[in-house]
Protein chains: 2
Amino acid sequence: MDEKRKRILIIGGVAAGPKAAARARRCDPGAEITIVEEGSFLSYAGCGMPFYIGGMVEKHEELMATPAGVVRDVAFFRNVKDINVLTGTRAEAIDRKNKTVRVTNLATNETYDLPYDKLVLATGSKPVRPPIPGVDLAGVYTLGNLDEARAVRQAVEQVARRVVIIGGGLIGLELADVLGTKAEITIVEMMDHVLSTLLDPELSILVERVLRGKGVQLILGSRVERIEGDGNGAVARVVTTAGSFDADLVVVAAGVRPRVELAREAGLDLGETGAIKVNEYLQTSDPDIYAGGDCVENTHLISGRPVYTPMGSVANRHGRVIGDNVAGGRDTFPGVLGTAILKVFEMNIGRTGLSESEARRLGYNVQSFICPAPDRAHFYPGSKPIIIKLVADASTRKLLGAQILGPGDIGKRLDVAVAALSMGATVDQLASFDLAYAPPFSTALDPLTHAANCLRNKLDGRARSINPLEVKKRLAAGEDFVLLDVRTPAEFNEVRLPYPNVVFIPLGKLRERAKELPKDREIIVFCKVSLRGWEAQTILASLGFTNVSFFEGGIAAWPFELDTSPRQS
Amino acid sequence: MDEKRKRILIIGGVAAGPKAAARARRCDPGAEITIVEEGSFLSYAGCGMPFYIGGMVEKHEELMATPAGVVRDVAFFRNVKDINVLTGTRAEAIDRKNKTVRVTNLATNETYDLPYDKLVLATGSKPVRPPIPGVDLAGVYTLGNLDEARAVRQAVEQVARRVVIIGGGLIGLELADVLGTKAEITIVEMMDHVLSTLLDPELSILVERVLRGKGVQLILGSRVERIEGDGNGAVARVVTTAGSFDADLVVVAAGVRPRVELAREAGLDLGETGAIKVNEYLQTSDPDIYAGGDCVENTHLISGRPVYTPMGSVANRHGRVIGDNVAGGRDTFPGVLGTAILKVFEMNIGRTGLSESEARRLGYNVQSFICPAPDRAHFYPGSKPIIIKLVADASTRKLLGAQILGPGDIGKRLDVAVAALSMGATVDQLASFDLAYAPPFSTALDPLTHAANCLRNKLDGRARSINPLEVKKRLAAGEDFVLLDVRTPAEFNEVRLPYPNVVFIPLGKLRERAKELPKDREIIVFCKVSLRGWEAQTILASLGFTNVSFFEGGIAAWPFELDTSPRQS
Ligand SMILES: Cc1cc2nc3c(=O)[nH]c(=O)nc-3n(C[C@H](O)[C@H](O)[C@H](O)COP(=O)(O)OP(=O)(O)OC[C@H]3O[C@@H](n4cnc5c(N)ncnc54)[C@H](O)[C@@H]3O)c2cc1C
Ligand SMILES: Cc1cc2nc3c(=O)[nH]c(=O)nc-3n(C[C@H](O)[C@H](O)[C@H](O)COP(=O)(O)OP(=O)(O)OC[C@H]3O[C@@H](n4cnc5c(N)ncnc54)[C@H](O)[C@@H]3O)c2cc1C
Ligand SMILES: CC(C)(COP(=O)(O)OP(=O)(O)OC[C@H]1O[C@@H](n2cnc3c(N)ncnc32)[C@H](O)[C@@H]1OP(=O)(O)O)[C@@H](O)C(=O)NCCC(=O)NCCS
Ligand SMILES: CC(C)(COP(=O)(O)OP(=O)(O)OC[C@H]1O[C@@H](n2cnc3c(N)ncnc32)[C@H](O)[C@@H]1OP(=O)(O)O)[C@@H](O)C(=O)NCCC(=O)NCCS
Ligand SMILES: [Ca+2]
Ligand SMILES: [Ca+2]
């Protein structure tokens with residue numbers, strides 16, 4: 001071994017590790033770069049596993065191929081990148097004093113030391129496997145790596161008619177999506193709602209409606225007590241606090257935990273989330289040891305707090321910064337926004353920054369708005385609805401977060417919100433962005449511009465709007481108010497809110513018929529999206545009604561009962 | 001007339017005018033609001049006219065309907081908005097001293113004065129009709145309003161087999177798109193390239209390739225000398241400096257001019273672009289007169305210079321600010337980025353900020369990069385390529401502009417660039433955005449992140465890359481260099497650069513076969529997108545080659561000859 005070459009040793013061969021290695025090589029052609037990976041697969045798209053399981057991606061090799069079709073195996077890393085990869089090799093311990101890592105070749109059981117000048121921990125995460133009886137039965141899977149994904153795909157193709165997914169988070173829902181047409185799906189979720197760490201409840205409920213509409217059985221607010229077998233060691237049913245559900249395949253998608261054993265045993269600092277603590281250069285408490293990807297904790301760019309956000313996108317950005325720095329650079333990783341996006345049947349769902357619940361928990365002076373809008377000119381073929389919820393700090397008017405969902409193009413608005421959050425934009429600045437408009441792409445004022453303007457109206461005290469959860473709570477409490485529907489008769493015939501206090505007056509008649517409304521009762525207006533609700537608020541205010549508000553999101557985002565029975569007005 | 005009500009008078013009833021009126025009404029329920037419009041149609045989506053002409057939008061009423069299907073006519077503005085609209089009424093002169101506007105009812109020829117407290121000019125723009133012989137023949141159209149759009153649609157349906165479009169800008173290309181399957185299209189463009197005010201030439205050429213591929217005849221760098229008739233007053237052909245082209249329908253799409261007569265005659269300041277000058281509150285030089293939409297000039301947010309950017313999106317944002325301010329508010333309009341987006345057959349095209357040519361003209365220390373990438377995970381069904389060109393200020397590292405095109409999802413990346421530019425982001429900040437990733441939506445590092453990283457590599461002096469135009473210039477000059485293609489054999493067989501100095505060595509063999517390359521000649525590497533070009537640069541540099549660069553965009557963005565003849569390697 002040539003003693004003058006810098007030795008860069010990397011533990012973990014999926015995303016953060018190979019990215020750090022690849023970047024380090026480009027920045028330092030002279031370094032000796034080695035990746036140690038205990039598994040057999042390298043450099044694969046874990047994020048693609050659901051689509052591989054669902055069959056949209058035919059072969060697992062596609063998940064580890066370049067766009068040009070070259071598989072990233074050991075030979076690829078050797079020939080293209082001049083990177084030495086040891087698969088089937090486990091790192092057992094770090095000797096920080098001597099700067100070596102003890103590794104074991106899992107095939108031969110041979111153990112030896114690898115020296116390093118710079119060490120990179122990219123040990124990733126492991127799925128949580130809750131300690132419930134039966135979790136080790138045949139037919140019970142987690143989805144932490146490609147071997148597991150291949151096993152699940154095989155099980156799906158061979159046996160699965162009834163699949164129980166434990167966990168209603170991002171991965172659980174992606175699985176429900178890809179398996180929805182192949183099997184009967186039940187999702188068991190401990191929290192009261194799916195995606196409860198990503199979305200505020202009124203939006204989670206809209207996702208639940210889509211899932212149920214596709215025949216997915218949702219068992220919410222319930223715990224799995226045990227998994228039972230068929231007597232031959234194969235899974236037969238999942239027993240929960242809300243009953244028992246037959247299953248020939250169970251996937252536990254209950255979150256992941258960072259793999260920090262090596263770091264902990266080497267005496268490196270862990271953060272309060274339990275993941276490895278790193279500074280903005282992605283150095284651990286030992287400056288010669290870097291860490292990135294699913295094994296580290298991040299700083300949230302809005303709250304400034306440590307968060308655990310295990311994402312492939314983040315792992316890649318980490319890897320590049322680390323690659324730079326182990327090669328002598330000084331690049332920084334500023335932090336994350338907790339951005340996430342997924343597709344669940346025809347619904348696209350995304351979020352970034354803080355949800356309203358998170359912002360309240362953190363003590364912000366929160367203001368939020370829910371704004372449905374068409375994703376492109378409504379007259380343009382293919383226009384589809386989306387729902388944007390923006391959360392802002394009423395004191396600074398800064399955007400705190402965005403949640404966006406619907407069948408339309410949410411990805412664009414989400415990433416614009418990411419950019420706005422990254423740069424500390426106020427909602428006023430967001431509203432002024434010169435976003436691109438042509439009918440095939442957007443509306444003259446983009447949905448995000450509308451959402452920002454709506455929130456500005458609220459921050460300025462012009463709009464008095466309330467969240468649908470609030471309306472529902474007041475309905476349930478039997479409070480006395482008028483729910484004023486200002487849509488057109490055609491819209492009214494199609495779908496209605498089924499409550500006795502609903503009064504129907506189309507917006508175009510409101511000025512002339514307002515006298516039919518009581519001045520001494522509270523009026524809460526709505527329409528399809530509550531754009532006309534806002535307009536009606538201003539109309540009624542101008543006519544001397546003093547207790548008028550509208551509820552946000554209208555029918556389009558109403559998460560509760562709807563009456564769609566045929567009706568002739 | 002109740003003297004205590006504030007009188008808000010608005011001239012122009014399409015986008016900026018009605019938006020100002022609608023917002024003013026919500027902000028000031030007591031005001032008396034009047035719109036004067038000389039035409040008969042109100043509040044319509046001019047931007048939708050191409051799609052109406054192409055038949056994707058069936059009826060012109062759809063362009064002036066709300067998403068709920070209500071047509072925005074005089075009665076709508078009266079009943080819903082309490083706004084008085086006078087159609088068929090022309091504003092003739094402004095009397096600033098007495099605060100009145102002289103108007104003429106075009107049906108009765110009656111002339112009278114309308115008083116105002118606040119006046120809004122939303123007089124918009126008119127298409128340029130160049131003073132060439134024959135421009136007034138039957139069958140020669142412009143596309144400035146809905147009447148004209150209806151006439152063009154009728155002509156298309158009745159006669160058009162051969163359509164000549166004069167002008168290869170945004171509107172000309174949208175027309176070619178919607179008429180491409182219905183007629184033989186010729187576009188005559190004075191400049192050397194289509195979209196020459198929007199894109200840098202190497203990208204315009206890629207658009208031209210798509211147009212030609214769809215059978216559109218492009219006559220570039222040529223002027224129309226005259227339009228000739230068939231003897232019966234109908235158009236027969238367009239005579240240009242590059243020959244004569246038969247036509248039964250001619251559309252002049254040669255840009256628009258702001259309508260500033262009223263403003264000029266009232267002594268209001270015009271700007272250097274010829275459009276009305278306004279401050280950040282959108283006030284003209286008379287503080288009681290506001291102006292917005294296509295009749296005003298804007299401040300470019302990057303250059304700080306006045307620009308004329310007549311867009312429906314801008315008109316709506318203007319209108320809202322004006323509506324606020326005429327109702328007593330103090331909202332501001334910070335400026336524009338010259339954002340534009342359009343669809344031309346299967347190609348989506350967008351730009352924002354400064355192009356490289358503009359930035360150079362303005363004296364910036366420019367650095368740019370052209371980065372093709374798949375719009376979502378390449379293994380995910382439906383993944384499509386896009387090409388991003390970023391332009392930055394090498395001195396400040398700030399992003400100056402973005403041009404993005406391709407069949408894939410360009411709209412998202414464009415709007416993220418808009419947000420970044422609006423907030424003054426550096427390319428380093430852009431590269432750190434926590435953009436949303438899941439395979440159906442993006443790649444682990446978003447194409448925009450890659451593009452930003454590529455530009456950082458160049459700014460940092462790591463990457464030595466050149467523009468394809470530069471390569472072509474040096475090929476044409478007969479310079480001595482090696483064009484090194486590092487793609488796979490399969491890719492090479494599919495398509496090649498047809499130049500004698502091309503050498504083919506796949507990236508995976510480069511380390512072992514580099515000795516075949518000359519060390520004394522310049523080597524310019526490329527691949528499909530030049531990602532492997534960048535990698536090859538670093539490999540060859542590490543092997544002692546001192547004069548190596550790669551050209552940006554690779555085969556995917558190569559705007560010149562390609563050899564696609566079948567080949568067995
Ligand atoms: C089903 C699924 C869907 C997902 N979808 C998305 C998505 O849509 N978007 C997104 O951004 N992210 C998504 N993710 C997350 C993404 O896959 C991870 O964030 C990413 O894989 C993390 O990469 P990593 O390199 O940090 O860690 P890992 O992928 O966990 O890889 C770590 C590697 O290190 C190896 N290792 C650990 N310890 C040792 C040791 N001591 N010795 C040797 N080797 C060791 C492991 O064997 C493992 O191969 C998804 C994940 C899953 C499971
Ligand atoms: C074919 C086409 C496609 C387009 N596509 C896009 C696109 O994709 N995206 C985009 O953002 N923009 C697009 N635009 C531009 C967009 O349509 C305009 O920017 C927008 O219409 C401007 O609105 P405005 O209200 O300022 O002016 P205008 O639409 O020009 O309306 C001004 C109105 O004022 C009236 N008026 C003028 N003077 C007087 C007077 N003295 N008295 C009474 N009335 C008067 C006129 O009759 C006219 O109706 C497109 C335009 C066209 C023509
Ligand atoms: C692929 C992998 C090995 C990284 O290797 P890599 O060579 O850095 O590949 P990338 O595609 O990330 O980056 C390619 C390089 O070319 C550059 N590039 C991208 N497009 C380019 C283009 N059109 N022209 C020139 N350069 C380009 C990038 O900037 C990057 O260079 P840099 O980091 O030096 O700036 C690593 O990311 C990996 O293993 N990924 C698979 C697993 C994974 O990501 N899983 C999690 C998500 S599911
Ligand atoms: C339609 C038009 C008359 C404006 O009227 P408007 O009532 O302001 O309509 P908009 O849709 O622009 O805005 C609706 C209002 O509801 C708000 N809104 C939008 N979505 C909402 C929702 N889901 N819930 C509550 N409020 C909502 C908006 O913020 C806006 O209010 P504000 O300006 O007071 O903040 C005017 O824009 C016009 O004539 N447009 C057609 C022509 C055109 O735009 N052409 C150019 C492009 S091709
Ligand atoms: Ca995923
Ligand atoms: Ca258009």
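Reminder, nothing fancy here: chain letters follow the sequence lines and each chain counts from 1.
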Does any backbone or side-chain atom of [X] lie under 4.5 Å from a heavy atom of chain B? Answer side chain, backbone, both or neither.
{"X": "A:V70", "value": "side chain"}
{"X": "A:T66", "value": "backbone"}
{"X": "A:R376", "value": "neither"}
{"X": "A:A431", "value": "backbone"}
{"X": "A:P67", "value": "both"}
{"X": "A:D82", "value": "both"}

To the closest 0.5 Å, what do you measure between [atom1] ([X]) and [atom2] ([Y])?
{"X": "B:D446", "Y": "A:N316", "atom1": "CG", "atom2": "CG", "answer": "12.0 Å"}
{"X": "B:I410", "Y": "A:K412", "atom1": "CD1", "atom2": "NZ", "answer": "8.5 Å"}
{"X": "A:L448", "Y": "B:D415", "atom1": "CG", "atom2": "CG", "answer": "8.5 Å"}

Margin query: Between A:E535 and B:K81 (salt bridge meaning N to carboxylate O under 4.0 Å), is one present in this structure?
Written below: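 Yes, charged N to carboxylate O under 4.0 Å.
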Notebook entry, point to check: Charged N to carboxylate O under 4.0 angstrom, A:R462 versus B:D324?
Noted result: yes
Against chain A, label [X] side chain, backbone, both or neither, depending on which of its atoms sit under 4.5 Å from a heavy atom there.
{"X": "B:C527", "answer": "neither"}
{"X": "B:R413", "answer": "neither"}
{"X": "B:R351", "answer": "neither"}
{"X": "B:R320", "answer": "side chain"}
{"X": "B:K528", "answer": "neither"}
{"X": "B:A377", "answer": "neither"}

Top residue by heavy-atom pair count (under 4.5 Å) with chain B, among [options]?
{"options": "A:F76, A:F333, A:W534, A:Y52", "value": "A:W534"}
{"options": "A:L342, A:L301, A:L414", "value": "A:L342"}
{"options": "A:A444, A:G69, A:A536, A:A425", "value": "A:A444"}
{"options": "A:L63, A:V321, A:D428", "value": "A:L63"}

What are the two closest non-hydrogen atoms of [X] and [Y], and how far apart are they?
{"X": "A:I341", "Y": "B:Y437", "result": "CG2-C, 3.5 Å"}
{"X": "A:G424", "Y": "B:M423", "result": "C-CE, 4.2 Å"}
{"X": "B:H378", "Y": "A:A65", "result": "NE2-O, 2.9 Å"}
{"X": "A:A45", "Y": "B:F379", "result": "CB-CE2, 3.5 Å"}
{"X": "A:M56", "Y": "B:P381", "result": "O-CG, 3.8 Å"}
{"X": "A:P29", "Y": "B:S542", "result": "CB-CB, 3.0 Å"}

Notebook entry, point to check: More than 12 foreign heavy atoms under 6.0 Å from CD of A:E491: is that the case here?
Noted result: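 Yes, the 6.0 Å shell around CD holds more than 12 heavy atoms from other groups.
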Item checked: B:R456 side chain reached by A:D331 side chain, heavy atoms, under 4.5 Å ->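 Yes; the side chains approach each other to less than 4.5 Å.
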Next item on the list: Find out whether B:L337 and A:F433 are in side-chain contact, i.e. whether some heavy atom of one side chain is under 4.5 Å from a heavy atom of the other.
Entry: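 In short, these two side chains do not touch, never coming nearer than 4.5 Å.
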Item checked: B:D434 side chain to A:V314 backbone, donor-acceptor under 3.5 Å ->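 Absent.
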Item checked: Heavy-atom donor-acceptor pair, A:R511 side chain to B:V80 backbone, under 3.5 Å -> yes
Best-contacting candidate, [options], against chain A by heavy atom pairs under 4.5 angstrom:
{"options": "B:N457, B:D409, B:L510", "value": "B:N457"}
{"options": "B:C27, B:P506, B:P374, B:G350", "value": "B:C27"}
{"options": "B:G312, B:A68, B:A22", "value": "B:A68"}
{"options": "B:G30, B:S432, B:G411", "value": "B:S432"}

Notebook entry, point to check: Under the criterion side-chain contact (heavy atoms from CB on, under 4.5 Å), which of B:L435, B:N453, B:L445 is the partner of A:R317?
Noted result: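 Of B:L435, B:N453, B:L445, side-chain contact (heavy atoms from CB on, under 4.5 Å) with A:R317 is met by B:L445 alone.
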